[in-house]
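Taking it in order: structure first as structure tokens, then the write-up.
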Amino acid sequence: MKNDIAQLKEIKLLSEFDDPVLQKIMTFSEIKEYKVKEVIIEEHQELSELYVLVEGRVILGINVPKKGRINLNTIHPGQLFSWSALFPPYISTAFAVATHPVKVLAIKSAQLKKMFDDDPPFGLKFMNIISHTLSQRLADTRLQLVNIISL
């Protein structure tokens, strides 16, 4: 990746990590760009990268039979998505679509998991961030589903 550590520290999710950790993450990451309405991830797609939104907005949603695509959440800069890339079977649980021009930091999940093994305190810290994210997404999804059901 051709970005420097200062740019990574501006990403809220990564701001907690020190320079050597960020330097290592940079070796197996890249910035990817998407246009408005471009599909970043399809539901049930096999994943190999964890995404952290750098710029723009992304809608997460699911496909519902006879209803089509339902939006469940909006991702803002600094938030992660495609967390399923870290957990077997490595399949996306939602689709992700850019609603604005988007830049994401794409982190190779295999190398990130190796870092977890090599540096357990880093792995624990990162997994705590992911568990907080999952908890919040679950709460948000519940609210969305209650709203959909009550319509």
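In this structure a side-chain-to-backbone donor-acceptor pair under 3.5 Å is present from Glu43 to Asn63. In this structure a side-chain-to-backbone donor-acceptor pair under 3.5 Å is present from Lys125 to Glu16. Judged purely by atom type and a 3.5 angstrom limit, Gln23 has no side-chain atom pairing as donor or acceptor with the backbone of Pro20. With Ser135 contributing its side chain and His132 its backbone, the two residues share no donor-acceptor pair below 3.5 Å. Proximity of a side-chain donor or acceptor of Gln136 to a complementary backbone N or O of Thr133 within less than 3.5 Å is not detected. A donor-acceptor distance shorter than 3.5 angstrom exists from the side chain of Ser82 to the backbone of Glu49, with no hydrogens or angles considered. When atom types are taken as modelled, the side chain of Ser29 and the backbone of Leu105 share no donor-acceptor pair closer than 3.5 angstrom.
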- request: Decide yes or no on salt bridge (Lys or Arg N to Asp or Glu O under 4.0 Å) for Asp119 and Lys24, but give the supporting numbers first.
  value: CA-CA 12 Å; Asp119 184 354; Lys24 189 161 188 180; over 6 Å; no
message: Apply side chain to side chain contact (heavy atoms under 4.5 Å, CB included) to residues Thr93 and Phe87 and explain how you reach the verdict.
response: CA-CA 11 Å; Thr93 59; Phe87 305 101; over 6 Å; no
message: With side chain to side chain contact (heavy atoms under 4.5 Å, CB included) as the criterion, how do Leu8 and Phe17 come out once you've worked through the C-alpha distance, each side chain's angles and the decisive distance to 0.1 Å?
response: CA-CA 10 Å; Leu8 289 184; Phe17 300 107; over 6 Å; no
field: Test side chain to side chain contact (heavy atoms under 4.5 Å, CB included) applied to Val54 and Ile11, step by step
entry: CA-CA 7 Å; Val54 177; Ile11 300 171; 3.8 Å; yes
message: Let's go through Val58 and Thr74 carefully: what are the C-alpha distance in whole Å and the side-chain angles of both, what is the deciding distance for side chain to side chain contact (heavy atoms under 4.5 Å, CB included) to 0.1 Å, and is it a yes or a no?
response: CA-CA 6 Å; Val58 172; Thr74 301; over 6 Å; no
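Taking the side chain as every heavy atom from C-beta outward, Ile59 and Asn73 never approach each other to under 4.5 Å. Here the side chains of Leu50 and Phe126 are in contact, with some heavy-atom distance below 4.5 Å. In this structure the side chain of Leu14 reaches within 4.5 angstrom of the side chain of Leu22, judged on heavy atoms. At a threshold of 4.5 Å between non-hydrogen side-chain atoms, the residues Leu47 and Gln45 count as touching. Residues Ile40 and Phe95 are not in side-chain contact: their nearest non-hydrogen atoms beyond the backbone lie 4.5 Å or more apart. Using a 4.5 Å heavy-atom cutoff, the side chains of Arg69 and Ile62 are not in contact. Residues Val52 and Gln79 fail the side-chain proximity criterion, which asks for heavy atoms closer than 4.5 Å. With a 4.5 Å cut-off on side-chain heavy atoms, Arg57 and Ile75 do not count as touching.
Met26 is connected to Phe122 through a chain of hydrophobic side-chain contacts under 4.5 Å among Ile, Leu, Val, Met, Phe, Trp and Tyr, so both are in one cluster. Tracing side-chain contacts under 4.5 Å through hydrophobic residues (I, L, V, M, F, W, Y), one never reaches Ile41 starting from Leu80; they form parts of separate clusters. No single ILVMFWY cluster, assembled from side-chain heavy atoms under 4.5 Å apart, contains both Leu112 and Tyr90. No chain of hydrophobic side-chain contacts below 4.5 Å, direct or via other Ile, Leu, Val, Met, Phe, Trp or Tyr residues, connects Leu60 to Val39. Connection of Trp83 to Leu13 is established within a shared hydrophobic cluster, with ILVMFWY side chains joined at heavy-atom distances below 4.5 Å, either directly or through further cluster members.
For the pair Pro77 and Gly56, the tightest heavy-atom approach, listed with the atom from each and the gap, is CD-O, 3.3 Å.
By the neighbour-count criterion of 12 heavy atoms within 6.0 Å, atom NZ of Lys114 is sparsely surrounded, having that number or fewer from other residues, nucleotides or ligands.
In this structure, the separation between OG on Ser84 and CG on Leu134 is 8.0 Å, given to the nearest 0.5 Å. Rounded to the nearest 0.5 Å, atoms OH (Tyr34) and OG1 (Thr99) are 14.5 Å apart. Put simply, NZ on Lys113 and CE on Met127 are 9.5 Å apart, with the number rounded to the nearest 0.5 Å.
Judged by a 6.0 Å distance limit and a 45° cone about the ring axis, Lys32 is not positioned over the six-membered ring of Tyr51.
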